[in-house]
Amino acid sequence: TMQLSAGALALATTFAVGASTAAEIPWDGPFNGDGCTSIIVAPGASASGAAMTTHTNDCMECDFRISKVPAKDHAEGSTRKISGYRAAYPRFLGEDWGPTYYESNTDTSIHPWVAGEGPFAPISEIPNVAHTYAYIDGGYGIMNEHQLSIGESTCGAKVTTFGIHKGGKARVDVSELSRVAMERCKTARCAIGLMGSLAEEYGYYGADETEGEGGESLQIVDTQEAWVFHILADDSGESAVWAAQRVRDGHIAAVANQFIIRELDLDNEDMFMASSNVEEVATRLGFYDSATDGKFDFTKAYAMDRKHLSTYATRRVWRVMTMAAPSSELPGDTTTFADDYPFDIKPDKLLTVKDVVAMHRDHYEGTPYDMTKGLAGGPYGDPSRFDPSGTIASAVYPPEDQISDTEAWAATPIPFERAISIYRCSYSWVSESRAHVPNELGVVWFSQYAPHASGAVPLYVSAPDIPKGFSSGSLLEFDLSVSYWAHAAVGNWADRFYVHTIGDIKTLQSELEEGLYAAQTGIETAAKEMLMAGQKAAVSTMLGDYSATASAEEIEAWSGMLWKMIAKYKDGQRIDNFHAETLKPTKLFYPKFWLQAVGYLPATESAAAPLHSAGGAWTLLSHVLVAALSITATVVFMNRKAAAGNASTSGPVVIEMATAVPSYRFKQQGYQPVLESRPEKESCFGGNHDNAVIGCFALLRTPEAAGRSTLPPRRAEDPEGEPLPTELQPYKRSRAANDSEGQMWP
């Protein structure tokens, strides 16, 4: 047994959460915030006839480079080395995974890494095969020379274990499984069978040992079929549990860090596959009882319950499905495991690469969960919401502003939304596997950095190498010749004035990408003609040169955008005409809702307020309610005002606030909170506001404060506003939390 600080859990080498026959490890948060989104489009659902899969590699510390792994022949009796999972730069060091990972392309001035040593020492090996296929590699295998393509999304799982290099018994993770599948398979069915059998034989371990990172989902396509594959450790730590379900032709599905496969119909071999132990392990651990639970439900049995943070996963699935099929009218709010969502859905129209890329770039714009709206986005609609984290250990803030991990992950009453496009994305891509084109034309539309601030460039799997802008650089050195940094620089500057800058970004994306989409037919027609003439090597060179040129031009354009954006948007102003005879910048100032929120302008009943962006289930916390607070407070506390009229002038005087004010002003003016009992689930508004942060309150003013100035009209403190004084901290909590501890909701 050992202690893990990340989950504050005592773990054995293999453990099961909530298991009746294994060490019970209840999830109590926090969990690793890293997590990816993957969309899968079956043949018949795309305009080109392609099967498509995608991946947003959303990881704070990940190596953003990708590599071309060449095809190889292997001697009889040789072995294939298995590496331990590693995401950070350098992901790998050596010659087995292509030139990107050579020592000559690694900045060892950062750290004296050595190939084959430390984190790059193999942890196991498997028998080799005579020939392995070429493929594009990143954090996971992306696409091989036969148009087999694999997207990825880490999923929470109730059974997890350690890898052999960390004291456990399991010897293979999903990144290495995906690479072996790339090397040896031509079809999705082959990949599923191979990865499943290897995991069962050698033992599977997750990205880390916590429940939040214990499982994986791979979205696998070939030119004919599309499959979703789920995997996790078994309870011995020496094998694996897995299942796969085919996405119906003409349909799409999405995985966002949570399993989506439900009932398994293993008699239908055309649509389902699974390990032989899939029900046995769940039964042994108490996750499933065939006598009482009915048909076996994979997600219900094995998925981690994210509890109040379930929208972290479900909301992105909802967004993909409703963008593809608005007619479905799926609800944005659902159960923990999205019980009312289908496994897959038929889009209202055939999807293009452009459509799927647009899904990657989404922040719920135009929905009740729009992250460019509300106080959390600041005055200019910044859609970034940084991952929750305690700040006590890091001491990045003064003591009075520090919070614990528990507080950071409590997200009470509502968590921030988690969009598909996220600031910590290292790269994203959309692949096309098409039956009507030669395999040499298997293509991946690749981007580095957050999708909303990046551009898609076509990479053909038959090209001899990866453009330099995608295969070099690190998170530790800013370099505008590297695609990631060109986009990260634009994205970070643009976020400062997002509602103003996003139009410039979309214009550039459209100009560059429309040209590439239009050129695709011509370049591929020429390639087909050359292949028919037997010029395979020339096609490889041509496609490599084409992608390299497209990448270089894209980096140049985005670097130019950076310099222009810095000049155009700065210091609260915007330059609209760079060729005017006399410069006259436009002052941006601030939108009315924000000026009212910070107290610059008084809140009014008629003030229009944007949608909130922290969460969708509690729309009562929108700024409309905040604006109404000043009016309702008068009615609510009328009885206390009457009582105050009878109070002795020498004692505390109960007053009523005509307007709401920030909490720090309470203390300055000598007020203290007054608590009053209320019936269960009844707020001061007379409605059901179980989790409202902004509650009604009465205040006592001490005689000592009588000579101080009166409070000016101000808005109530927003969840994103100033911290409460220590004595008021208990009152900025969920109603449920206060009630459970015998306290009254202020």
Side-chain angles (χ1 to χ4, degrees), residues 363 370-386 391 396-398 400-403 413-414 416-417 494-502 569-574 586-615 618-634 657-671 673 692-697 699 708-726 728-729 731-733 746:
H363 298 110
D370 192 336
M371 296 175 71
T372 67
K373 305 294 185 182
L375 286 178
Y380 306 116
D382 180 355
S384 295
R385 305 289 185 272
F386 300 138
T391 54
V396 291
Y397 300 111
E400 64 271 19
D401 287 335
Q402 295 171 6
I403 62 172
I414 48 178
F416 287 144
E417 292 294 342
D495 281 356
R496 177 70 176 84
F497 301 103
Y498 189 81
V499 294
H500 301 286
T501 59
I502 188 59
Y569 301 97
K570 69 177 182 65
D571 301 327
Q573 64 183 26
R574 181 185 69 211
T586 298
K587 293 182 178 180
L588 300 179
F589 197 45
Y590 302 102
K592 183 177 181 180
F593 88 89
W594 193 82
L595 291 170
Q596 290 178 323
V598 300
Y600 186 91
L601 295 177
T604 60
E605 181 180 9
S606 60
L611 298 169
H612 73 85
S613 61
W618 299 275
T619 54
L620 61 97
L621 289 181
S622 68
H623 301 301
V624 175
L625 257 182
V626 179
L629 181 59
S630 61
I631 296 174
T632 58
T634 302
M657 289 201 316
T659 57
V661 297
S663 61
Y664 76 93
R665 298 299 298 273
F666 301 163
K667 186 175 181 181
Q668 290 177 351
Q669 298 296 330
Y671 294 108
V693 166
I694 303 170
C696 293
F697 44 83
L699 298 173
R708 301 183 188 176
S709 60
T710 58
L711 291 167
R714 297 288 295 270
R715 283 179 70 102
E717 178 189 64
D718 185 81
E720 292 301 303
E722 267 193 66
L724 291 164
T726 302
L728 296 183
Q729 284 290 350
Y731 311 123
K732 186 184 177 185
R733 306 183 60 182

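Since the structure is predicted, the reported quantities are computational estimates derived from the model, not experimental observations.
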Fill in the blank from the handout: Taking every heavy atom of Tyr498 against every heavy atom of Gly381, the minimum-distance pair comes out as CD2-O, 3.4 Å
Exercise for the section: Output the distance between atom CD (Gln573) and atom CG (Leu588), rounded to the nearest 0.5 Å. Expected result: 8.0 Å
Handout entry: Nearest heavy atoms of Thr501 and Ala494, plus distance in Å
Key = OG1-O, 2.8 Å
Completion exercise
Checking Phe593, Phe589, Trp594 against Tyr600 for ring pair (Phe, Tyr, Trp, His ring centres under 6.0 Å), the one that qualifies is Phe589
Handout entry: Sidechain-backbone polar pair: Thr372 side chain, Pro383 backbone, donor-acceptor under 3.5 Å
Key = no
Handout entry: Minimum heavy-atom distance between Arg385 and Lys373, given as atom pair plus value
Key = NH2-O, 4.2 Å
Exercise for the section: Please check if the side chain of Gln596 supplies one atom and the backbone of Leu601 the other of a donor-acceptor pair under 3.5 Å. Expected result: no
Fill in the blank from the handout: Tightest non-hydrogen contact, residues Ala597 and Leu375, listed as CB-CD2, 3.4 Å
Exercise for the section: Would you please indicate yes or no on a ring centroid separation below 6.0 angstrom for Tyr380 and Tyr569? Expected result: no
Completion exercise
When every non-hydrogen atom of Pro591 is compared with those of Pro379, the smallest separation belongs to CG-O, 3.2 Å
Problem - Minimum heavy-atom distance Phe497-Asp571, with the two atoms named - result: CZ-N, 4.3 Å
Handout entry: Gap between atom NE2 of His500 and atom CZ of Arg574 - 0.5 Å precision
Key = 6.5 Å
